[in-house]
Q: 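Take this structure, written in structure tokens, and hold onto it; I'll ask about it next.
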2 protein chains.
Amino acid sequence: MAAAGPGIAADGQGQARPRKGRIREESRRRILDAAERIFARHGFAGATMAEIAQSIGMPKANIHYYFGTKEELYRALVVDIVEEWRHTSDCLTVDAEPRAAITQFLREKLDLTRRRPHAAKVFGEVNARAVPADDQDYLEDVRRVLESKGQVIDAWVAAKKIQPVDGRHFLMALWAMTQYYADFDGQMRGVLGKPGLTEPDWGYIADQVVSYALRVLGIE
Amino acid sequence: MAAAGPGIAADGQGQARPRKGRIREESRRRILDAAERIFARHGFAGATMAEIAQSIGMPKANIHYYFGTKEELYRALVVDIVEEWRHTSDCLTVDAEPRAAITQFLREKLDLTRRRPHAAKVFGEVNARAVPADDQDYLEDVRRVLESKGQVIDAWVAAKKIQPVDGRHFLMALWAMTQYYADFDGQMRGVLGKPGLTEPDWGYIADQVVSYALRVLGIE
DNA sequence: GTCTATAAAGGGATAGAC
DNA sequence: GTCTATCCCTTTATAGAC
């Protein structure tokens, strides 16, 4: 735990550097963005470093320079994704008003899915398959969040604020519905007969999902 | 369209042969079962022919003998899976009693997920990612089923049998919940604190999911 | 039909110039 | 920090004996 020198941030994972490394951070971001798209489309094993590099007009070697191996790149991406996901359930607290809290939670979750559809797909693969990062601590954190927020739901039930549900399973149901709109976008586009979901589509989807959740809880 | 010889079935895709090929069908089944497990665990690109072969103590060459290429094996597997999935929604008809129909649909769907968890994961990958078979006719069929069954739900709404929902989105929500229990089994095991889901667990899960669905429709 | 050995291609990773 | 050329391992696929 040596003190950091002047102008140099003390960062464990080489994350943010204040003065030096502007180019470095910019390159890392470009690579992570490309990796998110390619890994989402082909999965961890199916994605190639060549395609990631080519999609941003960069030599393969540069990616290795910044992230070492393909596996390290993937792990870094998952950390980046989980970090943003982590706080979508912050609004679910024992003292919150269930109707407003659930509504906000679902709308934030769907909004994140809409803004970062590729991220949701990558996260889905981490949870469903044997890939690097499928056994990491931060995933244990995700599980802990699900557990603690499930207890919040249970507390609402105990306080007679909502109809009885199993908190953990109800949260999984909400998660499942929002995740679905990311994973199965191809299928949905087929069903809805459109090449892509528009802004009004997302509003309509949010209305439907929120409505379902509130009806289950008997607080629509 | 030449007439089939005596004792030889006329099969377009080399599916069922009555007299000859008992060993052949048995080998194909063993390979498909192994492929289902391995493809589910690692995804299409991550799975290797060697691992599939080794898991059933068979030389790699035999798999190529029966299925040609890795891609053809995957396509054959998807066909096999979709075939079984296809009929889970048969009970959803305009004249059916919504409560019984929805309950049966969800219980059959979850039962299939329990019996063939790997199949559900493979199917998830087909819908979510760029893999062989992600643009096939039978997937178009799946979409058509979702569309037609969505219209059944809409008809129930029109007949005032259930509370208003968008049929397609409601079906997607049901699909999402059941699919979730296949894709995210690792995460759920973490949350539920168990190494695997037991028989009573599946009963409880079915009760929860059915209850949610019926509450949304206002017919619990 | 089954198996061993091997050919052929693809892709992760690195060396080393600039 | 950036890029080209290349190494080398993995994996698909097949040839050919049994």
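Just so it is clear: chains get the letters A, B, ... in the order the sequence lines come, proteins before strands, and each one is counted from 1.
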Q: State which of dG1(C), dT12(D), dT4(C) makes the closest approach to the side chain of His64(B).
A: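 Closest nucleotide to the His64(B) side chain: dT12(D).
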
Q: Are OP1 or OP2 of dG1(C) and a side-chain N or O of Asn62(B) less than 4.0 angstrom apart?
A: no

Q: Is Arg143(A) salt-bridged to Glu147(A), cutoff N-O under 4.0 Å?
A: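 A salt bridge is absent here (no side-chain N lies under 4.0 Å from a carboxylate O).
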
Q: Side chain of Lys70(B): nearest nucleotide among dG12(C), dA13(D), dG1(C)?
A: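 Closest of the options to the side chain of Lys70(B): dA13(D).
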
Q: From CG of Leu73(B) over to P of dT11(D), roughly how many Å is that when rounded to an integer?
A: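 So the two atoms are 16 Å apart, to the nearest Å.
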
Q: When the distance from CD1 of Ile38(B) to C1' of dT11(D) is rounded to whole Å, what number comes out?
A: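 So the two atoms are 15 Å apart, to the nearest Å.
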
Q: With side-chain hydrogen bond (donor to acceptor under 3.5 Å, both in side chains) as the test, would you mind laying out the steps for Tyr204(A) and Glu199(A) before giving the verdict?
A: CA-CA 9 Å; Tyr204(A) 184 71; Glu199(A) 191 66 31; over 6 Å; no

Q: Starting at atom CD of Glu26(A), determine the distance to atom P of dG1(D), rounded to an integer number of angstrom.
A: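 After rounding, the reported distance stands at 12 Å.
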
Q: Can you check the Ile56(A) CD1 to dC3(D) P distance for me, whole Å?
A: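 These atoms are roughly 11 Å apart.
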
Q: Can you work out whether Ile23(B) or Lys60(B) has the more 5'-proximal nearest nucleotide on DNA chain C?
A: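 The residue whose closest nucleotide sits nearer the 5' end is Ile23(B).
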
Q: How long is the line joining CD1 of Ile52(A) and P of dA13(C), in whole Å?
A: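 Answer to the nearest Å: 11 Å.
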
Q: Considering only dT2(D), dG11(C), dT4(D), which nucleotide approaches the side chain of Tyr65(A) most closely?
A: dT2(D)

Q: Roughly how many Å is it from CZ in Phe44(B) to C1' in dT11(D), rounded to a whole number?
A: 12 Å

Q: Can we say Asp33(A) and Arg30(A) salt-bridge, meaning some charged N sits less than 4.0 Å from an Asp/Glu carboxylate O?
A: no

Q: Of all the nucleotides listed (dA15(D), dT12(D), dT14(C)), which has the minimum atom distance to the side chain of Met49(B)?
A: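 For Met49(B), the side-chain atoms sit closest to dT12(D).
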
Q: The side chain of Arg24(B) is closest to which nucleotide in this list: dT14(C), dG1(C), dC3(C)?
A: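 My answer, after comparing the listed nucleotides, is dG1(C).
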
Q: Regarding Ala45(A), tell me which of base, sugar-phosphate or nothing describes its non-hydrogen contacts under 4.0 Å with the strands shown.
A: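 No contact.
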
Q: Under a 4.0 Å N-O cut-off, is there an ion pair linking Arg115(B) with Glu84(B)?
A: yes

Q: Thr48(A) has a side chain; which of dC3(D), dC3(C), dG11(C) sits nearest to it?
A: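 For Thr48(A), the side-chain atoms sit closest to dG11(C).
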
Q: Classify the nucleic acid contact of Tyr66(B) as base, sugar-phosphate or nothing, counting any heavy atom under 4.0 Å across all strands shown.
A: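 Answer is sugar-phosphate: Tyr66(B) comes under 4.0 Å of backbone atoms only.
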
Q: Give a yes or no on whether the backbone of Phe44(A) and the side-chain of Lys70(A) come within a donor-acceptor separation of less than 3.5 Å.
A: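 Side chain of Lys70(A) to backbone of Phe44(A), a donor-acceptor pair under 3.5 Å: yes, one is there.
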
Q: To the nearest Å, give me how far apart CZ (Phe67(B)) and C1' (dT14(D)) are.
A: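 Distance, rounded to whole Å: 18 Å.
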
Q: Between dG12(C) atom C1' and Glu51(A) atom CD, what is the distance in whole Å?
A: 15 Å

